[in-house]
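Right, I'll just put the structure down here and ask away after.
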Amino acid sequence: MKRIIAILLLIAIQLPLMSQWASVAYYQVNRNYIAKNLCENRDKPKLNCNGQCYLAKKLKAAEDKEQKTNSERLEKMPQIQLACQTNTRLAFSFSFSDFSEDHFPAASMAAQSTLLLPFHPPRWS
């Protein structure tokens with residue numbers, strides 16, 4: 001039952017995309033009828049239209065309908081506005097340090113005796 005529902009949903013999603021293919025398939029099946037009865041150029045046999053004008057009109061109508069639906073969807077789509085604070089002021093304070101001070105004394109950077117010992121995991125008490 002779930003499989004049937006899934007297949008039906010997939011088909012329903014694909015239907016709008018299939019409208020142009022359906023027009024082409026209808027034209028291919030009924031080419032002779034369209035050429036004799038529905039073609040705009042049926043009285044001009046030198047053009048060899050054979051109903052292609054009818055097919056072009058149907059494809060154009062399907063494309064226009066799709067564009068209209070897409071534009072309506074875009075108009076109805078809710079706008080998402082992220083909250084951001086625009087009045088943020090950044091305050092910078094510049095202070096010049098005396099670079100004559102020794103911030104990294106050599107004594108503190110000297111290797112300590114514990115670093116020279118081999119590594120072992122810490123002991124838990």
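This one's a predicted model, so the numbers in the text were calculated from it and none came from an experiment.
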Q: Using the test side chain to side chain contact (heavy atoms under 4.5 Å, CB included), find all partners of Ala22 that sit at least two apart in sequence or belong to another chain.
A: none

Q: Could you list the residues that satisfy side chain to side chain contact (heavy atoms under 4.5 Å, CB included) with Leu9, not counting sequence neighbours?
A: Ile5

Q) What pairs with Glu72 under side chain to side chain contact (heavy atoms under 4.5 Å, CB included), at least two apart in sequence or on another chain? A) Lys68

Q) Which ILVMFWY residues can you reach from Leu8 by hopping between side chains whose heavy atoms are under 4.5 Å apart? A) Ile4

**Q.** Which atom of Cys39 lies closest to which atom of Ala35, heavy atoms considered
**A.** CB-O, 3.6 Å

Q: Any salt bridge (charged side-chain N to carboxylate O under 4.0 Å, His left out) involving residues 29-40? Give me the pairs, sequence neighbours left out, ordered by first then second residue.
A: Glu40-Lys57

Q.
Distance check, rounded to the nearest 0.5 Å: Asp64 atom CG versus Lys60 atom NZ?
A. 4.5 Å

Q. Which residues, ordered by chain and number, are linked to Ile34 in its hydrophobic cluster, where ILVMFWY side chains connect at heavy-atom gaps below 4.5 Å, directly or through other members?
A. Val24, Tyr26, Tyr27, Tyr33, Leu38, Tyr54, Leu55, Leu59

